[in-house]
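A note on names: the letters A, B, ... follow the listed sequences, proteins ahead of strands, and every chain is numbered from 1. On a predicted model such as this, the values are computed, not experimentally measured, just so you know.
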2 protein chains.
Amino acid sequence: MLVELDFRRHVPIYVQIVERLKHLMATEILKPGDQLPTIRQLADDLRVNFNTVARAYRILDQASLVSTQQGRGTYVLESLPPNQSTRLREEALKALTQLFLTEAAQLGFEPDEVARDVESSIESWREAGMPPDGDGKKVK
Amino acid sequence: MLVELDFRRHVPIYVQIVERLKHLMATEILKPGDQLPTIRQLADDLRVNFNTVARAYRILDQASLVSTQQGRGTYVLESLPPNQSTRLREEALKALTQLFLTEAAQLGFEPDEVARDVESSIESWREAGMPPDGDGKKVK
DNA sequence: ATGCCTATTGTACTAATTGTATGATTGTAA
DNA sequence: TTACAATCATACAATTAGTACAATAGGCAT
């Protein structure tokens, strides 16, 4: 059993689930890319209503720890090391950017075209307060 | 492997397949007249139900990017109206940009940081007159 | 050539699996 | 009791999987 609960603790079930799953991810028992049990599966295991599990998963999703999608399931995301040195951060971004530009160049685009496109997308990002569509989480 | 999937992305498999194939066509890795893998072949490669691939192919077919024929296979159309060819490139760039920004955001970067980094990288690109860094020739 | 068989290819429809949305119920504390 | 958070019940929507079918091409015997 992946997750266990203590019904005597005065801690809500969904919080306990979040805690346990966070722990499992922190200890790499659950690794990036792994699929979590479906909400119904875990709910059955825990003898709990599946909406309670769904609530826990939603919290993890909003924290960008997992990615859940209707009809497919819930998957562990890469854990972003919370406060790596600015040095490493810069390098990570640089690598990502290089990869992006290389691909764009491969599509035959000129620097100016790419610049224009990226700038407008980043502008929408600023306004919307979230990364552009394509994967946007709907925070209602 | 011609197409690769990321189950962690908030994007359905069939959409990811469409995206990847569009990209391959935009970069002319798949040229007009080329036969795409059969739906069952690609489904096996990706470890996915063949109906999922069929759905992707149907979308490409409806977008007039490929021609699929029962009993024969699926082929990249000969002449994407030249108009549409440039549109395909535009779309590919847009998708690429969004993926890039989404990943950056997921790593915890702010729009301003990304903007600054991208601008400077594009600047070097302009000066060098060629795609950034590396040989950029990773055709697998 | 003709006809027949078979394998391969895409199609259509349905079922199963998965998460989502919303409101009702329950329990607990003020 | 009342208020509020937690949990549950129900109906729903999106994605993927299962099954049966139809069109095409190629081989082969006649």
Peer 1: Check this for me: does any side-chain nitrogen of one of B/E91 and B/K22 sit under 4.0 Å from a carboxylate oxygen of the other?
Peer 2: yes

Peer 1: Please give, in whole Å, the distance from C/dA12 P to B/I39 CD1?
Peer 2: 11 Å

Peer 1: Once you round it to whole Å, what is the distance between C1' of C/dA12 and CZ of B/R58?
Peer 2: 9 Å

Peer 1: Are A/R55 and A/Y14 in a cation-pi contact, defined as NZ or CZ under 6.0 Å from the six-membered ring centre and within 45° of the axis?
Peer 2: yes

Peer 1: Distance check needed: C/dT17 C1' versus A/L42 CG, whole Å only.
Peer 2: 16 Å

Peer 1: How are the rings of A/Y75 and B/F7 set to each other: parallel, tilted or perpendicular (split at 30° and 60°)?
Peer 2: tilted

Peer 1: Just by distance, with hydrogens left out, do B/T97 and A/D117 show a side-chain donor and acceptor under 3.5 Å apart?
Peer 2: yes

Peer 1: Tell me, with the steps shown, if B/R8 and A/E78 meet salt bridge (Lys or Arg N to Asp or Glu O under 4.0 Å).
Peer 2: CA-CA 9 Å; B/R8 290 160 293 187; A/E78 350 275 339; 2.7 Å; yes

Peer 1: Which whole-number value in Å describes the distance from A/D61 CG to C/dT18 P?
Peer 2: 17 Å

Peer 1: Could you tell me how far apart B/Q62 (CD) and C/dA12 (P) are, to the nearest whole angstrom?
Peer 2: 10 Å

Peer 1: Indicate for each nucleotide in nucleotides 6-21 of chain D, in 5' to 3' sequence, whether protein heavy atoms under 4.0 Å reach the base (B), only the sugar-phosphate (S), or nothing (-).
Peer 2: SBBBBB-BBBBBBB--

Peer 1: Just by distance, do the side chain of B/E103 and the backbone of A/L96 share a donor-acceptor pair under 3.5 Å?
Peer 2: no

Peer 1: Has the side chain of B/D34 got a donor or acceptor atom that lies under 3.5 Å from a matching backbone atom of B/V76?
Peer 2: no

Peer 1: Nearest-Å distance, CG (A/D44) to P (C/dT17)?
Peer 2: 12 Å

Peer 1: With axes from five pairs an end, tell me the bend angle of the helix from C/dA1-D/dT30 to C/dA30-D/dT1, nearest 10°.
Peer 2: 10°

Peer 1: Take B/Q69 and B/S67 through the side chain to side chain donor-acceptor pair (under 3.5 Å) test and state the conclusion after the steps.
Peer 2: CA-CA 7 Å; B/Q69 299 154 25; B/S67 158; 3.0 Å; yes

